[in-house]
Amino acid sequence: MTAQITCAGSAVFDILSKSSGELPIGVLGVVDSFSTAEGGPALRTGRVLAGMGIDTKLIIPVGRDIFGRSLRETVPAPHLDVAFVDSEQPTSTSMVFVDGDGERTMAHNFGADGTITAEAIEARIEGPILHVGGALKLPSLDDPDGKPLAGLVKRAKARGLFTSMDVVHNPTGRWHRVVPALRHTDLFIPSLVEAQSITGADDPEACAAAVRDLGVRFAIVTDGPRGAWVNHDDYVGHVPAYDVDTIDTTGAGDAFTGGVLTGIIHGLGDRDAACLGAATGALATTTIGTFS
C-alpha cells in the first residue's frame, strides 16, 4: 500500500459509560451501559480516512498493557497501515461519561501519548499529507514555546508536504504553545472553544479569521449543531450542520477532519470539502465509539 496521507499522534483506549440520569457520589450508581472503543484524534481521523477508501499510514504510540494489546489487534484494517510506536508508559486511556443528550465528560491519562516524538513520526511519514492529531496532548512534542511541534510541521512543509493539525481541549490553559506551529500549517480545524482560547477572538467567524492571521492557509472553526465557519482564499463563509439523531458526540471533530482531508485528497473545493467534513462529523454522532 502506498499511503496517500500520514495520520500521526494520539491513540486512546476509551471506556464509555452511557447514563440517562445523574450518578450519585460516594455510593454505587447504575448506568445504562459500559462499552469500550478505540479513541484518540489521530486514530479516529485515520479510521475515517481509511473507511472513505483513503490509503492511510497511522502512527500511534501504545503501551505493553492489555489496552495496548487490544489496539494492536483491532486497529489494522483495509486501507490502514499502522505503525505502532512502543512505549514504556501504559496506553493512553479515557473514561468517557455520556449523558442522555449525547454530551460527554472525559477523564484522561496521557500515558503512551506523552512519549511519541517528532523523530518517531518523521521516520515513518508516507505520502504527501501529514496530519497531527491531538497536538496539545502529546507532551513529547511540547515545551513552553511549542518548538518540537513547530519543528515537525516546518520540516514537513520543507519536504513539500501538505500539513494538517488538530489540538483537542487543553486543560492546562497554555494554548499559546500551538501558535508557533500554525504558521507552517495548511489546514487547522479547531472547535469554537479551542479557537477562542488560541486566538482570543469571540464569535466563530472572527475566530476563523484570527486563525488565518496566525499563518494557517485553510481555517475551519466548528461549533457542533451550529455548523462551521470557513476562512480560505477561495471561500469565506458558513457551512451548516446536518440534522441527525445524536447519540454520542465523541469523535465528531475527528470525523469532521477526516471528511475534509478526504475532500482535499479527491480535489474538492474548499466549501465542498468542508461540507463533506460536516457530513462525516454528523454521522459520527449517530453511534457510540469510533466512526468509520
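All values below come from the heavy atoms of this structure, side chains included, with hydrogens, waters and symmetry mates left out.
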Checklist entry - Going through the distances and angles, do L261 and M52 end up as a side chain to side chain contact (heavy atoms under 4.5 Å, CB included)? => result CA-CA 10 Å; L261 288 167; M52 300 284 277; over 6 Å; no
Which pairs would a plain distance check flag for residues 112-122, meaning a side-chain donor or acceptor within less than 3.5 Å of a matching protein atom at least two apart in sequence or in another chain?
{"unit_1": "D113", "atom_1": "OD1", "unit_2": "A11", "atom_2": "N", "d": "3.2"}
{"unit_1": "D113", "atom_1": "OD2", "unit_2": "S10", "atom_2": "OG", "d": "2.5"}
{"unit_1": "D113", "atom_1": "OD2", "unit_2": "S92", "atom_2": "OG", "d": "3.3"}
{"unit_1": "D113", "atom_1": "OD2", "unit_2": "K137", "atom_2": "NZ", "d": "2.9"}
{"unit_1": "T115", "atom_1": "OG1", "unit_2": "S87", "atom_2": "OG", "d": "3.0"}
{"unit_1": "T115", "atom_1": "OG1", "unit_2": "A112", "atom_2": "O", "d": "2.7"}
{"unit_1": "T117", "atom_1": "OG1", "unit_2": "A120", "atom_2": "N", "d": "3.1"}
{"unit_1": "E122", "atom_1": "OE1", "unit_2": "R155", "atom_2": "NE", "d": "2.9"}
{"unit_1": "E122", "atom_1": "OE2", "unit_2": "R155", "atom_2": "NE", "d": "3.2"}
{"unit_1": "E122", "atom_1": "OE2", "unit_2": "R155", "atom_2": "NH2", "d": "2.8"}

Checklist entry - side-chain contact (heavy atoms from CB on, under 4.5 Å) with D233: which residues, sequence neighbours excluded? => result R212
Next on the checklist: S197: which residues meet the side-chain contact (heavy atoms from CB on, under 4.5 Å) condition with it, sequence neighbours left out?
Outcome noted: W175, V193
Next on the checklist: Using the rule given for salt bridge (charged side-chain N to carboxylate O under 4.0 Å, His left out), can you reason through R183 versus D213, listing the C-alpha separation, both sets of side-chain angles and the distance that settles it, and then say yes or no?
Outcome noted: CA-CA 9 Å; R183 67 177 64 100; D213 289 340; over 6 Å; no
Checklist entry - Can you list the other members of the hydrophobic cluster that holds F110, where links are side-chain heavy atoms under 4.5 angstrom apart? => result none
Checklist entry - Do D65 and T91 pass the side chain to side chain donor-acceptor pair (under 3.5 Å) test, and can you show the C-alpha distance, the side-chain angles, and the key distance before you say yes or no? => result CA-CA 7 Å; D65 52 11; T91 302; 2.7 Å; yes
Side-chain donor-acceptor pairs of residues 25-32 under 3.5 Å, sequence neighbours excluded:
{"unit_1": "D32", "atom_1": "OD2", "unit_2": "S20", "atom_2": "N", "d": "3.0"}
{"unit_1": "D32", "atom_1": "OD2", "unit_2": "S20", "atom_2": "OG", "d": "3.3"}

Checklist outcome for this item: From the list T6, D81, V85, side-chain contact (heavy atoms from CB on, under 4.5 Å) with R124 holds only for V85
Next on the checklist: Please evaluate residues K157 and D186 with respect to the criterion salt bridge (charged side-chain N to carboxylate O under 4.0 Å, His left out), reporting the C-alpha separation (whole Å), side-chain torsions for both, the decisive distance (0.1 Å), and the verdict.
Outcome noted: CA-CA 9 Å; K157 285 292 293 179; D186 291 300; 3.0 Å; yes
Checklist entry - Got a sec, which residues hit side-chain hydrogen bond (donor to acceptor under 3.5 Å, both in side chains) with R217, two or more places apart in sequence or on another chain? => result none
Item to check | Selection residues 15-64 - residue pairs positive for ring-ring contact (aromatic ring centres under 6.0 Å, His included), sequence neighbours left out | outcome: none
Validation: residues 200-207 side-chain donor-acceptor distances under 3.5 Å, sequence neighbours left out:
{"unit_1": "D203", "atom_1": "OD1", "unit_2": "E205", "atom_2": "N", "d": "3.1"}
{"unit_1": "D203", "atom_1": "OD1", "unit_2": "A206", "atom_2": "N", "d": "2.9"}

Item to check | Test log, rule side chain to side chain contact (heavy atoms under 4.5 Å, CB included), inputs N231 and V211 | outcome: CA-CA 9 Å; N231 193 304; V211 168; over 6 Å; no
Checklist entry - Got a sec, which residues hit side-chain contact (heavy atoms from CB on, under 4.5 Å) with P240, two or more places apart in sequence or on another chain? => result H238, R271
Checklist entry - Under a 4.5 Å cut-off applied to non-hydrogen side-chain atoms, are T93 and H108 in contact? => result no
Checklist entry - Could you give all pairs that pass the ring-ring contact (aromatic ring centres under 6.0 Å, His included) test and reach residues 182-202, with sequence neighbours left out? => result none
Show which side-chain atoms of residues 66-76 pair as donor or acceptor with protein atoms under 3.5 Å away, not counting sequence neighbours.
{"unit_1": "R72", "atom_1": "NH2", "unit_2": "D86", "atom_2": "OD1", "d": "2.2"}
{"unit_1": "T74", "atom_1": "OG1", "unit_2": "E38", "atom_2": "OE2", "d": "3.1"}
{"unit_1": "T74", "atom_1": "OG1", "unit_2": "S70", "atom_2": "O", "d": "3.1"}

Checklist outcome for this item: Sequence neighbours excluded, the answer for side-chain contact (heavy atoms from CB on, under 4.5 Å) partners of A123 is none
